[in-house]
Amino acid sequence: MELRIDQNAVAGARSLAAAIVDPIVDFVAGHSTLSVERAVTRLCGVDGVDGEGVPLPNRLVDALARPGLGVARALGAALAETGRSPQQVAEAVAAGEPLPDPERTPEGALRAALRSHVDAGLARIDAARGTRDAMLARLPQDEPPLLYVIVASGNIYEDRTAAVAAAEAGAQIIAVIRSTAQSLLDYVPYGATTEGFGGTYATQENFRIMRAALDEISERLGRYVMLTNYASGLCMPEIAATAALERLDMLLNDSMYGILFRDINMQRTFVDQHFSRQLNARSGIVINTGEDNYLTTADAVEQAPAVLASQFVNEAFARRAGLPDAQMGLGDAYEIDPDLRDGFLLQVAQAQLARQIFPNAPLKYMPPTKHMTGNIFKGHLIDAMFNLTSVMTHQTIHLCGMLTEAIHTPFLGDRALALENARYVMNTARSFGDEIEIKPGGRIEQRAHEVLSGAVHILSGVAQRGLMNAIEDGTFADVRRPRDGGRGYDGVFVKEAAYWNPFADALGGVTVRA
Amino acid sequence: MELRIDQNAVAGARSLAAAIVDPIVDFVAGHSTLSVERAVTRLCGVDGVDGEGVPLPNRLVDALARPGLGVARALGAALAETGRSPQQVAEAVAAGEPLPDPERTPEGALRAALRSHVDAGLARIDAARGTRDAMLARLPQDEPPLLYVIVASGNIYEDRTAAVAAAEAGAQIIAVIRSTAQSLLDYVPYGATTEGFGGTYATQENFRIMRAALDEISERLGRYVMLTNYASGLCMPEIAATAALERLDMLLNDSMYGILFRDINMQRTFVDQHFSRQLNARSGIVINTGEDNYLTTADAVEQAPAVLASQFVNEAFARRAGLPDAQMGLGDAYEIDPDLRDGFLLQVAQAQLARQIFPNAPLKYMPPTKHMTGNIFKGHLIDAMFNLTSVMTHQTIHLCGMLTEAIHTPFLGDRALALENARYVMNTARSFGDEIEIKPGGRIEQRAHEVLSGAVHILSGVAQRGLMNAIEDGTFADVRRPRDGGRGYDGVFVKEAAYWNPFADALGGVTVRA
Amino acid sequence: MVRPYGDTHDDGAVQLSFTLPIAWSEAADEAARQLAVKMGLTEVSVVEGRAIAAGFSFFVVYARTPAAIEVSTIRAPSAADAPLSMEQVDDLIAKRVGRKLKVAGACIGTDAHTVGIDAILNMKGYKGDYGLERYQGFEVFNLGSQISVEDLVRFARERDVDAILASQVVTQKGSDIANFTALAELLEAENVRERLLLIAGGPRVTNLLAAELGYDAGFGRGTLPSDVATFIARRLSDAASRR
Amino acid sequence: MVRPYGDTHDDGAVQLSFTLPIAWSEAADEAARQLAVKMGLTEVSVVEGRAIAAGFSFFVVYARTPAAIEVSTIRAPSAADAPLSMEQVDDLIAKRVGRKLKVAGACIGTDAHTVGIDAILNMKGYKGDYGLERYQGFEVFNLGSQISVEDLVRFARERDVDAILASQVVTQKGSDIANFTALAELLEAENVRERLLLIAGGPRVTNLLAAELGYDAGFGRGTLPSDVATFIARRLSDAASRR
Ligand code: B12
Ligand code: B12
Ligand SMILES: Cc1ncc(COP(=O)(O)O)c(C=O)c1O
Ligand SMILES: Cc1ncc(COP(=O)(O)O)c(C=O)c1O
């Protein structure tokens, strides 16, 4: 099954996206954020909380006299002066000790003092990646679409039970949904948690608990079960760092989600996103972008070009951060009104279009949610048509829809039914997409053309005005966000000339325009 | 969506089927049965039961001294002699009076005496047909696939409630399932019945009750809702007659079902079937053949050629009875193991093959039953894939599968869910089949070729040996049925030279080889 | 008295499904059956029982319930009765109130599901039915998502609004009830409850539930803007003419 | 004690659906809620309620049940425990019984669903597991469909069979129970019950139900021929060695 698509339009869209993204990456190169710096401390081994439960990375970074120099410089200086470990420095700061003035310590000395910790951090990331590669080789996954389900009880131990059960029922990827509005917290909670709300806190310990349980079941099932969580939000870089250390396999990370749907400041988001993706690139973590959000809040037929435009933008940003295509889980969702006549054709057109435009990306396909109702029987059918579309168009990461989507976060039994649905449909129609062709010039192809040219239209408008202006004007998702408004703006700062971030340096990616 | 099929093979299969059927129709021309004769009395207006509940048509026909002359002759003679109506004659016979010897009455007189009753019978049939045509013109049905559901409570009044509710929920055809093994009764039960078992008795009064209810709801909904029942069995001609009088719109009528699956004598079945179809032709009733039965009892992948072979045989018989293509609801079913990888492709191949081979026939597509289990959630999905196949391949008469197929005869709520399933899938993917093409030489096309050549192979074997021998040898459904065995054989007799059946004469069809 | 209907009046037929945290075996099917019996069901048929994971089994059960309901005694008047058209609503307000009615809407607590309240308030409306912003008779303040009860009450007092429209979509752990209750109580505490119409909405809201929580009305799934507009206009024009 | 599991141990979560013979309205939802409460459920959420026809509404309900089951006390031994292979069964019969065992199978009453009993008896078997006809150790008489209890008992006496296999697929109006019972009673009445193994089968049959009806074993959905072969061989070889 192939759409005949206008390759010039595709190439045009790609260069528009690059033109949109380049000035932002230039901007990013000159800035850092509190969360980027906290991520640096975490990668150097800082962890834990103080007496009031404030994470030590926050205490340490908040103590910086000149954040524009980067926390690494201050930390390196402290190490050089005191001979302590980064963790000991952070504890001392939390206990009220001031950080030394980095200017006091010679450049060479502070860099040398931090070196082993930076190397250790990178080594842990590389080791995690190596372990993943080895396990995947030994315990190969089933063929895609990779069945992805969420757990969201709020209690990491119930989540663990649910995750293991889901893996046994065929899940290949487990996402632990975060507690409501964690993305708005300007710190990463600590320890094993049992009191989440609509989800479970993303903490390093929770990551560890879940990864251990999934490793065990992976061995038992003879196939590697992946773990994922959400990076977007005020702590995107820290989550990316923690996920790298604890061997998560994927992360939600969108270049604009936080801005549009969580009112996080755009400068903050762009800077955080870039460093996160550099980390993801190094750790082999596949990002999942959030285009589905355009569809849950507005009409899915109208929003299709916006989804494609956003995919191009996410791709362009990802490339600039050094992320290979194989780690770009670009998003889309099956959200067209189930009662629209021939809506299925539009879904097939859009899914296949993305498949062809991003042939090497592990596309992430999200299930119907908005039009799901308390009618679980009909909901199960809508999910089936979604499953069919996914297998026909060779989507890669397949978030299984739940028949109870409109009712509650999934029950254990709901997840089993959802996985059964996907397994049944994808098996009975496994090769269907390969055994048919799309009628040339027919309605499916026409729709694909429409979506593509709509996306080109959006992108050229944005390229003209510049991305930040476009967001201010409400180009995306009908939401207007001022450049200096939104959450976390006070955590953005200009890098001084002497700014130093040894991880950014080591990670590479194309921080400055290629 | 088109399969490239070998038109020579199709033409070959058609002439083989004609060759198979011709000798049987020759045989039929020389024979009649008790049920054919009872149908004649019913068409002349005989109805009701005697004191022991035995239907008067049975009493009358059982009283024939020489059935080989046909009941019409005896009845005409009695009318001529007594001036009574047919009903009065039947009542008299039931009361113990003997029938007059037809030889006593001159040919002309007895024919003349019956004439007005024959004309009245035909006029009632034609009037019913006229009413249907007028209603269909005024209250047009929704586009096919026509959604067909069954009611089967055993109680005609609960069935009526269920039928009206189903019509409101979108059903376009209502089938009243018969009580278990009614097909083996050598009479048609009488009156309104409330005590059926796994279904409700087919009686003239029950037909009337249901037709009246459906007429009312048809007017209310502004679309004509059709009624159907089962003709196959020992009383096939009588059911056909009654259905014609009471304006049923379709009837289950298969040329071999009774033989293979109910152990009804083959000679009886062939003769009954022919006269029934002549009646169906006149009354505008669409027959539904029973090929699904090959699939529920054996492996559906293996049996596909047998289904197609049977469709050719049913078509050939129907043509010989004067039935136009537009009244041939040839059967098929979605019965392939849901857990077979790519089973959906095989279903699509088979459904589309039938669609192209019988382009003008209102194909009847039966739902998954055999592989349905107590897992209603999965069952609902299998039904969805069936619904999708049906709309993609333009089936005409679509029997909606029930998620509770493995559990009980349908609840009112089950039927609503089943109709919702069909409506949802057929709407969201309404034109999908028209917007794709089957990959030339791909697996779908290959499967279609395989089925077609398998059918040709079966038909040529049968043509060589003759149909009756083939059935004796177990060619169909692995069942062996002796030519003179099975139920109802004692009700078959050779027509004497003076045999007279004014309806058969009037109805036409091609009783003698074309 | 009314009972569930399978295929015969009063047969009491119901379908059930649930998961038990036990491995599957015939004994697990029997456990499911006994559980249904404990729930007071009869003619229990465990039509499906299977392992869905190590230590978990899923069941589908059909059974009969002896329970019956006297429907005639059920009082659950809908807040969405006999809706008027936009023109009629505007007319009513213009004639009987004589000024624009001020309404403030918000997703309260940590709830960020704005699609529902937006459907009621935004110009565009819902399913072809215009939202309150489009009406001549309303001045609409849509405060958006995650609005604390305190902020909403403060706003309502400052602007002297005629009606508060509070939305709750997340219901996990009873958060909706908690937030709705907090809002009603704060309005009482601040002595403004009597001055305004208090309306609850969300997919799990019913008019009955809203009444229990001390609200003037509750609107559930499928609500159209005109349902809400009609309710507000009727109530407040009645109140206006009573003054 | 074990309770249904939604997403948390002991939460008691169950799903329900049913039809009520009343027109839909908010009051109908409330009727559905009250009905669930009457069924002893708590935290009842009517998540779907809609008209499916004039005068009929369909509901989906999620709720919690307080019911719990002591699973350790449930005794439901399966008749299909630890099945042997065909070779092992044949071996057992050859060594311990020393002759072919005669088994007669039939769909009794008006039941014509032969696919199930054929799956057990026919050479071909079921899901890759050979049927009893294929075994060296069995002589199989498959009487087919719609066999009256009288005919079956007569046949069993005449041929002196070792085991009767009765199938019932249709369960409407309790016809399965009635037929099974009639068979057991007639065997008793004719004093042959003790002489043979009496086995019931069908999709709604459980071993427990069969025991209640006075059968030696009952086999339900998914039964394999080897399950049945093993049961017969074990029982009758034990009996042979006891003699
Ligand atoms: C879209 C959506 C989102 C979007 C919301 C975007 C937005 N700006 O609103 C996003 C992606 C952001 C989101 C996030 C989350 N969601 Co959400 N989401 C949904 C979803 C898919 C659709 C809701 C919707 O828009 N429905 C359409 C509208 C039109 O319907 P409605 O809200 O019922 O509104 C109508 C009526 O109820 C009424 N109405 C509603 N409010 C009011 C108010 C008044 C005054 C009146 C008169 C009428 C009225 O009128 C409306 C029109 O008829 C539902 C699942 C579903 N299908 O219902 C889950 C769902 C509501 N979400 C859920 C959850 C758990 C979350 C998260 C907490 C997950 C997480 N841990 O991250 C987050 C956090 C959000 C938060 N802080 O609240 C759960 C809630 C479970 C529960 N019962 O508690 C659901 C049910 C999904 C699930 N099964 O898990 N979600
Ligand atoms: C195929 C079928 C038919 C075929 C039967 C062909 C045949 N030769 O068997 C035909 C089309 C003829 C038919 C007719 C009817 N059927 Co029917 N049929 C079915 C269907 C679709 C599948 C049954 C089946 O073959 N299952 C596959 C086999 C392998 O499974 P099984 O029977 O459970 O057997 C396994 C075990 O139970 C066990 N087993 C079974 N018997 C025995 C015996 C022993 C001794 C042992 C040890 C084990 C054992 O081993 C088997 C292998 O694991 C079911 C629906 C369904 N999906 O279940 C309806 C179904 C059984 N039929 C039904 C009905 C109502 C009828 C009719 C009465 C309808 C009518 N009014 O005309 C007729 C009448 C038949 C009659 N007189 O009995 C209902 C029964 C409702 C109820 N619970 O009472 C069902 C459930 C459909 C429905 N929802 O309405 N049917
Ligand atoms: C890209 C992305 N990140 C994060 C989230 C979850 O976000 P939050 O924690 O903001 O609710 C989503 C939710 O859909 C998302 O799409
Ligand atoms: C062609 C045909 N006739 C009749 C029937 C019903 O038959 P009976 O009344 O014999 O159960 C069927 C059942 O599937 C059928 O396919």
Side-chain angles (χ1 to χ4, degrees), chain C residues 2-6 9-10 12-22 25-41 43 45-50 56 59-61 65-71 74-80 171 174 203-204 206-208 220-222, chain D residues 2-6 9-10 12-22 25-41 43 45-50 56 59-61 65-71 74-80 171 174 203-204 206-208 220-222:
Chain C
V2 153
R3 274 207 181 70
Y5 181 106
H9 274 96
D10 280 338
V14 299
Q15 173 270 328
L16 233 88
S17 75
F18 50 83
T19 300
L20 290 180
I22 53 179
S25 68
E26 281 195 34
D29 279 0
E30 174 62 12
R33 197 189 63 76
Q34 290 187 16
L35 191 86
V37 170
K38 277 213 178 165
M39 292 167 70
L41 301 169
E43 295 181 48
S45 200
V46 178
V47 298
E48 166 83 355
R50 71 179 195 285
F56 288 97
F59 301 92
V60 178
V61 171
T65 174
I69 282 291
E70 183 56 73
V71 278
I74 290 179
R75 302 265 317 121
S78 166
T171 60
R204 288 290 97 72
T206 62
N207 198 27
L208 218 61
R221 55 192 149 78
Chain D
V2 153
R3 274 206 181 72
Y5 180 107
H9 275 94
D10 279 338
V14 299
Q15 172 272 328
L16 234 90
S17 76
F18 50 83
T19 301
L20 291 180
I22 53 179
S25 68
E26 281 195 32
D29 280 359
E30 175 60 13
R33 197 189 64 76
Q34 291 187 17
L35 191 84
V37 170
K38 276 212 178 167
M39 291 167 71
L41 300 169
E43 295 181 46
S45 199
V46 178
V47 297
E48 166 83 356
R50 68 177 197 285
F56 288 96
F59 302 91
V60 178
V61 171
T65 174
I69 281 290
E70 184 55 71
V71 278
I74 290 178
R75 302 262 322 118
S78 165
T171 60
R204 288 290 97 72
T206 62
N207 198 29
L208 218 62
R221 54 192 149 79

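Just so we're on the same page: letters track the sequence lines, and every chain starts at 1.
- With a 4.5 angstrom heavy-atom cutoff, D:Leu16 touches chain C via backbone and side-chain atoms both.
- Side-chain contact between C:Val14 and D:Ser17: absent, with no pair of heavy atoms (C-beta onward) separated by less than 4.5 Å.
- Residues satisfying the side-chain contact (heavy atoms from CB on, under 4.5 Å) criterion with D:Ala36, sequence neighbours excluded, are D:Leu41, D:Val44, D:Val61.
- Residue D:Ala28: no heavy atom, backbone or side chain, is found under 4.5 Å from chain C.
- Annotation for C:Glu26 and D:Ser78: closest pair OE2-OG, 3.1 Å, computed over non-hydrogen atoms.
- For C:Glu48, the side-chain hydrogen bond (donor to acceptor under 3.5 Å, both in side chains) partners are C:Arg50, not counting sequence neighbours.
- Residue contact with chain D, scored on non-hydrogen atoms closer than 4.5 Å, involves the backbone and the side chain of C:Ile69 alike.
- Between chain D and the residues C:Leu35, C:Ile22, C:Val2, the largest count of heavy-atom pairs under 4.5 Å involves C:Leu35.
- The CZ atom of D:Arg221 sits 5.0 Å away from the CG atom of C:Asp29 when rounded to the nearest 0.5 Å.
- Nearest heavy atoms, D:Ala13 versus C:Phe18: O-CB, 3.8 Å.
- Each of D:Val46, D:Val71, D:Thr206, D:Thr19 has some count of heavy-atom pairs under 4.5 Å with chain C, and the biggest count is that of D:Thr19.
- With respect to chain C, the highest number of heavy-atom pairs below 4.5 Å among D:Pro21, D:Ser25, D:Gly220, D:Ser45 belongs to D:Pro21.
- Residue with the most contacts toward chain D among C:Gly40, C:Gly6, C:Ala68: C:Ala68 (heavy-atom pairs, distance under 4.5 Å).
- Neither the backbone nor the side chain of C:Phe59 comes within less than 4.5 Å of any heavy atom in chain D.
- Taking every heavy atom of both residues into account, D:Ala76 and C:Ala27 meet most closely at CB-CA, 3.6 Å.
- Separating the CD atom in C:Glu30 from the CD1 atom in D:Ile74 is a distance of 6.0 Å, to the nearest 0.5 Å.
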